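Here is the structure we will look at, set down as structure tokens.
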Amino acid sequence: MVAFTNVKIGFEEGDVLRGVSFEVMPRETLVLLGETGTGKTLTLKLAAGLLRPNQGKIEVLGQEVSSMQEQELLTYRRQVGFVFQEGALFDSMTVGENVAYRLREDRLDEDEIESRVQESLRFVELGAHGEMLPSELSGGMRRRVSIARTLATRPPIVLYDSPTAGLDPVTAQTIITLILQLRDVFGVTAIMATHRLQDGFGLARFRFDPESKRVGTARVE
């Protein structure tokens, strides 16, 4: 579903990614675990086609994203869901209108839009909150609305940028459970960036050992 091959990118301050390679198979969740400034969000933006690498190849859904022209990228980005760290909701729109936004951009039938919005909000257990504004919700609820908005477009791949950052442990676990449900119920393939070790242990089935250069079963030491 996703393949990075010797991807390099840097800015005036120097290189950030120095020859990154990995693959994500269907229904897998890849966890990018590390401190702030280590290139996690940058990797997600490359996968989403928001940035181009200086070197290397990026393939997603069988398409070489790293060589696409801008018009091709506009079409491609509609196939990939992106859950931003702060939710990135429109403050002037209700919860339901936020979830419906992309669907209306795609000019879906209003009955289909309403059905998808309700289904998505029920999935994140916010079915009764469609008429509320984002400012009336807690931080965890806003993250769940962001996940519902992504789910409504039914993408095969979702990129999560620190979706549990700033949340209390109970609320963070709720978000992790939703990500697992998206994988198991809808078969979503995902890449998640996080600095929380608990998220990695909660989602990952395998871990990469940098010393042996091998992948083994993930476990809590």
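All figures in this text were calculated on a predicted structure; none of them were measured in a lab. The residues of the chain are indexed from 1 along the displayed sequence. Side chains are part of it too, since the values below use all heavy atoms of this structure and drop only hydrogens, waters and symmetry mates.
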Q | Pro163 backbone acceptor or donor facing Arg143 side chain under 3.5 Å | A | yes
Q. Would you call Glu70-Arg77 a salt bridge at under 4.0 Å N-O?
A. yes
Q. Looking only at atom types and distance, does a side-chain atom of Arg122 sit under 3.5 Å from a main-chain N or O of Val117, one as donor and one as acceptor?
A. no
Q.
Between Thr43 and Gly39 (side chain of the first, backbone of the second, donor and acceptor by atom type, cut-off under 3.5 Å), is there such a pair?
A. yes
(Q) Please check: side-chain N/O of Thr150 versus main-chain N/O of Gly81, any donor-acceptor pairing under 3.5 Å? (A) no
Q.
Do Leu89 and Arg142 have side chains that approach each other closer than 4.5 Å (heavy atoms only, starting at C-beta)?
A. yes
Q.
Taking Arg27's backbone N and O only, do any of them form a donor-acceptor pair with Thr189's side chain (distance below 3.5 Å, no angle check)?
A. yes
Q: Starting from the C-alpha separation in whole Å, work towards a yes-or-no answer on side chain to side chain contact (heavy atoms under 4.5 Å, CB included) for Val2 and Glu59.
A: CA-CA 6 Å; Val2 183; Glu59 296 174 283; over 6 Å; no
Q. Would one find more than 12 heavy atoms of other residues, nucleotides or ligands at under 6.0 Å from atom CD of Glu125?
A. no
**Q.** Heavy-atom pair with the smallest gap, counting every atom of Ile175 and Gly140
**A.** CD1-O, 4.0 Å
**Q.** Gly49 versus Tyr76, closest heavy-atom pair with distance
**A.** N-CE2, 4.2 Å
**Q.** Least distance between heavy atoms, Glu72 atom then Gln69 atom
**A.** OE1-N, 2.8 Å
**Q.** Interatomic distance, Phe22 atom CZ to Thr5 atom OG1 [nearest 0.5 angstrom]
**A.** 9.5 Å
Q) Would you say Glu23 has more than 12 foreign heavy atoms packed within less than 6.0 Å of its CD? A) no
Q. What distance separates His129 NE2 from Leu137 CG, expressed to the nearest 0.5 Å?
A. 6.5 Å
**Q.** Heavy-atom check, side chain of Leu203 versus side chain of Met192, under 4.5 Å
**A.** yes
**Q.** side chain to side chain contact (heavy atoms under 4.5 Å, CB included) assessment of Ile179 paired with Thr177
**A.** CA-CA 5 Å; Ile179 292 171; Thr177 300; over 6 Å; no
**Q.** Partner set under salt bridge (charged side-chain N to carboxylate O under 4.0 Å, His left out) for Glu105, not counting sequence neighbours
**A.** Arg78
Q. Sub-3.5 Å donor-acceptor pair from the side chain of Arg144 to the main-chain atoms of Val124, do we have one?
A. yes
Q: Can you see which heavy atom on Ala100 is nearest to which on Ile113, and at what distance?
A: CB-CG2, 3.6 Å
Q: Report yes or no: do Thr41 and Asp161 form a side-chain donor-acceptor pair below 3.5 Å?
A: yes
Q | Considering all heavy atoms, the nearest Leu159-Ala47 contact | A | CD1-CB, 4.1 Å
(Q) Any side-chain to backbone donor/acceptor pair from Asp91 onto Pro134? Under 3.5 Å, distance only. (A) no
Q) Are Phe11 and Val16 close enough that some pair of their side-chain heavy atoms sits under 4.5 Å apart? A) yes
Q.
Quick one, Arg149 with Leu151, criterion side chain to side chain contact (heavy atoms under 4.5 Å, CB included). Give me CA distance, side-chain angles, the key distance, then yes/no.
A. CA-CA 6 Å; Arg149 180 177 59 188; Leu151 172 61; over 6 Å; no
Q: Quick one: pull up CZ in Phe4 and CG in Leu30 and give me the separation to the nearest 0.5 Å.
A: 9.5 Å
Q: Determine whether Val185 and Tyr160 fall in the same hydrophobic cluster, where Ile, Leu, Val, Met, Phe, Trp and Tyr are linked whenever their side-chain heavy atoms lie under 4.5 Å apart.
A: yes
Q: Give the cluster check for Leu61 versus Val7: same hydrophobic cluster or not, with ILVMFWY residues linked at side-chain heavy-atom distances below 4.5 Å.
A: yes
Q: Give the other cluster members for Phe90, using side-chain heavy-atom distances under 4.5 Å between Ile, Leu, Val, Met, Phe, Trp and Tyr residues; answer none if it is isolated.
A: Met93, Tyr101
Q. How far does CZ of Arg102 sit from CG of Leu108, to the nearest 0.5 angstrom?
A. 11.0 Å
Q: Heavy atoms only: give me the nearest Gly56-Ser66 pair and the separation to one decimal.
A: O-OG, 4.1 Å
Q: Quick one: pull up CD in Gln63 and CG in Leu73 and give me the separation to the nearest 0.5 Å.
A: 9.5 Å
(Q) When you measure from the side chain of Asp15 to the backbone of Leu17, do you find a donor-acceptor pair of N or O atoms at a distance under 3.5 Å? (A) no
Q) Would a 4.5 Å heavy-atom cut-off, applied to side chains only, mark Leu46 and Pro53 as touching? A) yes
Q. When the aromatic ring centroids of Phe186 and Phe123 are compared, is their separation below 6.0 Å?
A. yes
Q: Hey, could you give me the OG/CG distance between Ser162 and Leu44, rounded to the nearest 0.5 Å?
A: 8.0 Å
Q | side chain to side chain donor-acceptor pair (under 3.5 Å) involving Asp199 - partner list, sequence neighbours excluded | A | Thr164, Thr194, Arg196
Q: Answer yes or no: is there a donor N or O on one side and an acceptor on the other, between the side chain of Lys40 and the main chain of Glu35, under 3.5 Å?
A: yes
Q.
Under 4.0 Å between a side-chain nitrogen and a carboxylate oxygen: does that hold for Arg104 and Glu97?
A. no
Q: For the pair Arg18 (side chain) and Ile9 (backbone), establish whether a donor and an acceptor sit closer than 3.5 Å, ignoring hydrogens and angles.
A: no
Q | Partner of Arg116 under side chain to side chain donor-acceptor pair (under 3.5 Å), chosen from Gln118, Glu112, Glu114, Glu119 | A | Glu112
Q) Given side chains that start at C-beta, do those of Met1 and Ile157 come closer than 4.5 Å, heavy atoms only? A) yes
